[in-house]
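What follows is a short report on a single structure.
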Amino acid sequence: MRVLLGVTGGIAAYKAAELTRELVRGGVEVQVLMTGGAQSFVTPLTFQALSGRAVRTTLLDPDAEMGMGHIELARWADLILIAPASANTLARIAAGLADDLLGTVLLASEAPLWLAPAMNQAMWRNPMTQNNVRAIQALRPDCQIIEPDSGEQACGDVGPGRMPEPEELARRVLTWQRDSGVGRPENGPVRDLLGLRIVLTAGPTRERLDPVRYLSNDSSGKMGYALAAAAQQRGAQVTLVSGPVSLAPPAGVEVVPVESACDMLEAVRTVLQRVDGADWFVSAAAVADYRPQTSATQKQKKQGDAGLTLSLVQNPDILATVTSARQARLTVGFAAETENLLEHARAKRQRKGVDLIVANNVSRPDIGFNSDENEVWIVSAADETLVSRQSKTAVADKILDAALAADRLKRNIEETV
Ligand code: PMT
């Protein structure tokens with residue numbers, strides 16, 4: 001998808017640099033166009049480095065026009081986003097002025113137009129600004145005005161006028177692309193998870209007895225890594241909190257390595273706090289339910305001929321913690337069972353309060369732990385679907401399909417309530 005990002009004069013212009021980075025990370029081609037005012041806050045070179053394209057600044061630049069003229073530029077865009085849109089820019093758009101590059105491109109383009117106003121709170125509230133916003137909406141009913149956030153402003157005032165955070169704006173753009181199908185590549189993976197932020201866990205945890213010994217399990221991380229890779233290829237922004245495994249990090253995925261269940265909970269909490277909650281939390285890790293009550297700092301010596309009794313304490317339940325704190329819109333858990341697969345999976349789904357449980361039979365050597373293939377049941381409140389034995393990569397795609405369907409259903413229900 002091709003986004004023409006108009007950056008106008010205001011302190012929030014620096015946030016547009018971060019927005020450019022986020023969009024490019026989401027696979028969007030970004031052409032930045034800066035007004036004179038914007039260049040007083042951030043240099044075109046910053047945007048050029050982030051977008052990989054020369055920034056357009058003036059209408060009458062023979063060199064730039066030799067490349068992509070302003071009319072071509074207007075036709076090139078799938079979406080025009082002006083962020084930040086200053087009070088002056090709103091007034092100029094409302095008046096239909098075409099005496100600079102931005103004004104000219106706007107008049108010449110039929111692409112959807114989104115404006116993210118950002119200014120001092122009094123300027124935003126001013127009836128003249130509000131009148132300009134209404135005029136733009138009346139003249140271009142398709143234009144989306146992204147309401148500014150309220151809060152402390154650079155000038156010290158408090159009130160509405162802050163440009164929404166770049167991550168939030170980028171997420172809106174990517175979600176729009178996903179839902180509208182605009183600019184979808186004809187070849188290559190379906191990018192139906194664009195705009196989604198997904199946090200996953202994978203692999204085993206190690207619960208230390210001493211510096212050289214631990215309690216763990218047979219998880220290789222293959223299932224969780226396959227999910228992370230597939231989600232990233234389908235356009236999601238993915239963070240993978242991983243126990244110790246010997247797999248290469250999937251391309252484009254942020255990997256946070258951890259060792260124990262307590263480390264994993266801490267890392268998940270930190271990531272979720274940083275991203276202000278995830279769209280989806282997928283818990284594929286085989287987390288140890290117990291850890292030794294004490295962990296020795298030195299290697300423990302054998303004590304004569306006597307046996308050894310270990311005292312264990314329960315680990316926190318990471319999945320149940322995320323679910324009960326409502327830190328993700330959709331949660332997906334796994335159930336690793338050796339008997340009564342569906343029965344246990346149903347109970348686990350309800351007990352942990354998750355939307356979907358992916359149940360695998362870990363008593364079979366050809367699937368489950370450490371194998372390259374898996375066979376799973378995907379259990380939701382509404383139905384139970386068998387995904388027959390196939391590569392973990394293919395199973396990962398089926399799980400993501402089911403999660404996307406459940407998420408759509410959930411969002412529709414929430415929107416209509
Ligand atoms: O890693 P692989 O070798 O590819 O193998 C894949 C797998 C078998 C490990 C994977 O598909 C799987 O089933 N993972 C979950 C294993 C497990 O711990 O299941 P459980 O039934 O004990 O836990 C239920 C759910 O709660 C899981 O989503 C688990 O991540 C989560 N949990 C469990 C305990 C705990 N303290 N915190 C948790 O978050």
Side-chain angles (χ1 to χ4, degrees), residues 199-207 215-230 240-247 250 258-269 271-272 278 280-291 312-325 327-328 330-379 387 389-396 398-400 403:
V199 177
L200 291 118
T201 65
T205 63
R206 285 181 184 167
E207 311 299 327
L215 303 177
S216 191
N217 58 63
D218 284 332
S219 169
S220 62
K222 287 178 187 169
M223 189 66 247
Y225 274 58
L227 276 160
L240 177 61
V241 179
S242 172
V245 297
S246 50
L247 300 173
V258 296
E259 188 174 273
S260 68
C262 290
D263 296 344
M264 190 173 269
L265 175 63
E266 193 51 39
V268 164
R269 275 196 174 130
V271 169
L272 287 173
W280 300 359
F281 178 70
V282 182
S283 183
V287 186
D289 286 324
Y290 296 93
R291 66 179 183 278
L312 302 178
V313 291
Q314 255 191 46
N315 271 328
D317 191 311
I318 302 165
L319 178 57
T321 306
V322 172
T323 307
S324 62
Q327 284 173 309
L330 185 96
T331 47
V332 181
F334 273 72
E337 306 295 342
T338 54
E339 56 176 357
N340 304 328
L341 184 61
L342 277 171
E343 208 178 302
H344 287 316
R346 287 178 204 130
K348 217 165 253 183
R349 195 190 72 77
Q350 290 206 325
R351 197 170 60 247
K352 303 208 181 204
V354 294
D355 297 287
L356 300 179
I357 275 276
V358 180
N360 40 201
N361 182 343
V362 289
S363 68
R364 279 173 55 180
D366 57 332
I367 59 167
F369 284 122
N370 203 12
S371 61
D372 290 330
E373 298 190 327
N374 212 355
E375 176 176 298
V376 300
W377 279 89
I378 302 176
V379 178
V387 178
R389 187 179 140 186
Q390 50 203 293
S391 72
K392 282 185 175 167
T393 305
V395 171
K398 303 270 164 41
I399 295 170
L400 294 175

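First listed ligand is number 1; within each ligand, the first listed atom is number 1.
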Where ligand 1 meets [X] - atom numbers and elements under 4.0 angstrom, heavy-atom basis:
| X | answer |
| --- | --- |
| Lys348 | 20 (P), 21 (O), 24 (C) |
| Ala335 | 21 (O) |
| Gly333 | 28 (O) |
| Ser283 | 27 (C), 28 (O), 29 (C), 30 (O), 31 (C), 39 (O) |
| Asn370 | 2 (P), 3 (O) |
| Gly368 | 5 (O) |
| Ser219 | 1 (O), 2 (P), 3 (O), 9 (C) |
| Asp317 | 35 (C), 36 (N), 37 (N), 38 (C), 39 (O) |

Heavy atoms of Pro365 and Ser371 approach each other most closely as O-CB, 4.2 Å
[atom]: which protein heavy atom is closest, and how many Å away?
| atom | result |
| --- | --- |
| atom 9 (C) of ligand 1 | Phe369 CE2, 3.6 Å |
| atom 24 (C) of ligand 1 | Phe334 O, 2.8 Å |
| atom 18 (O) of ligand 1 | Ala286 CA, 3.3 Å |
| atom 2 (P) of ligand 1 | Ser220 OG, 3.4 Å |
| atom 19 (O) of ligand 1 | Ala336 N, 3.5 Å |
| atom 6 (C) of ligand 1 | Met223 CB, 3.6 Å |
| atom 37 (N) of ligand 1 | Ile318 N, 3.1 Å |

Is the closest heavy-atom distance from [X] to ligand 1 below 4.0 Å?
| X | result |
| --- | --- |
| His344 | no |
| Asn360 | yes |
| Lys352 | yes |
| Ala359 | no |

Considering Val332, Leu319, Asn361, Val287, which one's heavy-atom position lies nearest to atom 35 (C) of ligand 1? Val287
Using heavy-atom distances only, which candidate in Pro316, Ala285, Ala284, Ala261 approaches atom 36 (N) of ligand 1 most closely?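 That would be Pro316.
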May I ask you to check whether Asp218 has an N/O atom sitting below 3.5 Å from an N/O atom of ligand 1? no
Glu337 N/O to ligand 1 N/O under 3.5 Å: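 In fact, backbone or side chain, Glu337 has no N or O that close.
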Quick one: are [X] and [Y] in side-chain contact, heavy atoms under 4.5 Å?
| X | Y | result |
| --- | --- | --- |
| Val282 | Val199 | no |
| Asn315 | Glu207 | yes |
| Phe369 | Asn374 | no |
| Trp377 | Asn360 | no |

Nearest-0.5 Å distance, [atom1] of residue [X] to [atom2] of residue [Y]:
| X | Y | atom1 | atom2 | result |
| --- | --- | --- | --- | --- |
| Lys392 | Asp372 | NZ | CG | 7.0 Å |
| Arg206 | Met264 | CZ | CE | 12.0 Å |
| Arg364 | Arg389 | CZ | CZ | 7.0 Å |
| Thr323 | Arg349 | OG1 | CZ | 11.0 Å |
| Asp317 | Ser283 | CG | OG | 7.5 Å |

Any donor-acceptor pair under 3.5 Å linking the side chain of Ser391 with the backbone of Glu373? no
With a 3.5 Å cut-off and no angle check, do the side chains of Tyr225 and Ser220 form a donor-acceptor pair? no
State whether a side-chain donor-acceptor pair under 3.5 Å links Asn217 with Ser219. no
Report the part of Asp289 (side chain from C-beta onward, or backbone N, CA, C, O) that has a heavy atom under 4.0 Å from ligand 1; answer both or neither where that applies.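 Side chain only.
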Between Val268 and the options Thr321, Asp263, Val258, Val241, the side chain to side chain contact (heavy atoms under 4.5 Å, CB included) test singles out Val241
